[in-house]
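One is the number of the first residue; the rest follow in order along the sequence. Bear in mind that the values here come from a model prediction, so they are computed numbers and not experimental data. The figures here come from the full heavy-atom set of this structure, side chains too, leaving out hydrogens, waters and symmetry mates.
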Amino acid sequence: MQKITIEWSYPIDVNNILCDERMYNIGLYYITRNFGGHLSDLYIGKTTYNYKSRLESHLYWLNNYRGKKFVRLGTIVKPKNISQENLKQVINDAEATLIFTMRNQLIHNIMCTVSCNPSQRLRITNIGRRGNIPSEVYIPNDEWKEL
């Protein structure tokens, strides 16, 4: 099982996120909303191209949810110095692992919670402003399915 660490950014208002200087980076993102003082987990996603294009594609459905919507950007900080190709694979597997382990609380990842199956097992340590994401996630042996 590979160990990785994701650092999550401060929650940025969805209306301001596209102005952030990190929009041309790659990584994970976590969309939440605050409605009536209650934080809801809407979506976990990934981009191996850039945040800007992926987040722009979500703006249409975000208007269906009342309240303030926020995005946290997730950066793989460990392991360091991995190739771009390996980083993209880790990002793909991290997204699938996060969605699988948080499937009961994600409101908008409905289709992906059934089909998510990472190619490798990860033990993810989440640091920073992680919101409702647990500090450590992994798929237990009894739930792991080989491809």
Side-chain angles (χ1 to χ4, degrees), residues 1-14 17-18 20 22-35 37-62 64-65 67-147:
M1 185 178 313
Q2 182 179 1
K3 294 180 182 180
I4 70 165
T5 301
I6 301 172
E7 184 170 6
W8 294 96
S9 73
Y10 187 83
I12 304 162
D13 188 295
V14 74
I17 191 71
L18 296 178
D20 191 279
R22 296 167 287 188
M23 285 298 96
Y24 293 97
N25 295 345
I26 63 173
L28 298 136
Y29 54 94
Y30 169 43
I31 303 174
T32 59
R33 76 167 174 164
N34 189 328
F35 182 65
H38 177 72
L39 183 68
S40 300
D41 303 314
L42 295 179
Y43 193 86
I44 288 182
K46 57 120 165 91
T47 181
T48 55
Y49 181 66
N50 68 52
Y51 285 117
K52 187 175 185 340
S53 64
R54 284 301 294 141
L55 292 171
E56 283 176 335
S57 72
H58 292 300
L59 294 178
Y60 77 94
W61 63 261
L62 281 170
N64 295 333
Y65 293 96
K68 292 196 74 105
K69 278 82 66 180
F70 298 94
V71 179
R72 291 171 170 83
L73 304 177
T75 304
I76 308 286
V77 294
K78 288 182 187 171
K80 295 180 186 260
N81 302 321
I82 60 175
S83 72
Q84 194 73 357
E85 184 178 317
N86 286 341
L87 176 60
K88 288 178 180 182
Q89 186 59 55
V90 168
I91 289 169
N92 287 330
D93 290 337
E95 178 204 34
T97 301
L98 287 164
I99 291 171
F100 183 86
T101 58
M102 294 180 65
R103 63 192 176 274
N104 294 331
Q105 64 197 73
L106 293 169
I107 295 171
H108 203 81
N109 281 98
I110 295 167
M111 293 300 294
C112 193
T113 58
V114 176
S115 63
C116 279
N117 194 9
S119 65
Q120 64 179 324
R121 288 183 69 196
L122 298 178
R123 181 177 294 271
I124 303 172
T125 300
N126 293 291
I127 62 173
R129 305 291 184 130
R130 57 188 173 79
N132 290 332
I133 297 175
S135 60
E136 186 171 89
V137 298
Y138 61 93
I139 299 174
N141 289 340
D142 61 335
E143 294 185 61
W144 176 253
K145 295 177 184 155
E146 290 289 334
L147 290 176

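Contact record, Ile99 with Leu106: CA-CD1, 3.9 Å, taken as the closest heavy-atom pair. Heavy-atom minimum distance, Pro79 versus Ile4: CD-CG2, 3.8 Å. Here the closest non-hydrogen pair linking Gly45 and Glu95 is CA-OE2, 3.5 Å.
Between Ile107 and Ser40 there is a side-chain heavy-atom pair separated by less than 4.5 Å. Considering only heavy atoms from C-beta on, Glu136 comes within 4.5 Å of Thr125 through its side chain.
Shown here are the ring-ring contact (aromatic ring centres under 6.0 Å, His included) partners of Tyr29, two or more places apart in sequence or in another chain: His58. Qualifying salt bridge (Lys or Arg N to Asp or Glu O under 4.0 Å) partners for Arg129, counting only residues two or more places apart in sequence or in other chains: none. Under the side chain to side chain donor-acceptor pair (under 3.5 Å) criterion, Tyr51 pairs with no residue at all, not counting sequence neighbours. Considering only residues two or more places apart in sequence or on other chains, Asn86 meets the side chain to side chain contact (heavy atoms under 4.5 Å, CB included) condition with Ile82, Ser83. For Ser57, the side chain to side chain contact (heavy atoms under 4.5 Å, CB included) criterion is met by Arg54, not counting sequence neighbours. Residues satisfying the side chain to side chain contact (heavy atoms under 4.5 Å, CB included) criterion with Leu59, sequence neighbours excluded, are Val14, Leu18, Leu62. Partners of Ser53 by side chain to side chain donor-acceptor pair (under 3.5 Å), not counting sequence neighbours, listed by chain and number: Asn50. In this structure, Phe70 has no ring-ring contact (aromatic ring centres under 6.0 Å, His included) partners at least two apart in sequence or on a different chain. In this structure, the side chain to side chain donor-acceptor pair (under 3.5 Å) partners of Asn92, at least two apart in sequence or on a different chain, are Lys46. Residues forming a side chain to side chain donor-acceptor pair (under 3.5 Å) with Gln89 (at least two apart in sequence, or on another chain): Asp93, Ser119. In this view, Lys68 and Asp13 satisfy the salt bridge (Lys or Arg N to Asp or Glu O under 4.0 Å) rule, not counting sequence neighbours. With sequence neighbours left out, the side chain to side chain contact (heavy atoms under 4.5 Å, CB included) criterion links Ser135 to Arg130.
Atom CD1 of residue Ile139 and atom CD of residue Gln120 lie 11.0 Å apart, to the nearest 0.5 angstrom. Annotation: the span from His108 atom NE2 to Ile31 atom CD1 amounts to 8.5 Å, rounded to 0.5 Å. Atom CZ of Arg72 sits about 4.5 Å away from atom OG1 of Thr32, to the nearest 0.5 Å. Here Ile17 contributes atom CD1 and Arg22 contributes atom CZ; the two are 6.5 Å apart, rounded to the nearest 0.5 Å. The structure places CG of Leu122 at 12.5 Å from NZ of Lys3, a figure rounded to the nearest 0.5 Å. In this structure, OG1 in Thr97 is found 12.5 Å from OH in Tyr138, a value given to the nearest 0.5 Å.
If you run side chain to side chain contact (heavy atoms under 4.5 Å, CB included) between Tyr30 and each of Asn132, Leu98, Leu42, Val71, only Asn132 comes through. The side chain to side chain contact (heavy atoms under 4.5 Å, CB included) with Leu28 is formed by just one residue from the set Thr75, Ile76, Ile124, Asn126; it is Ile76.
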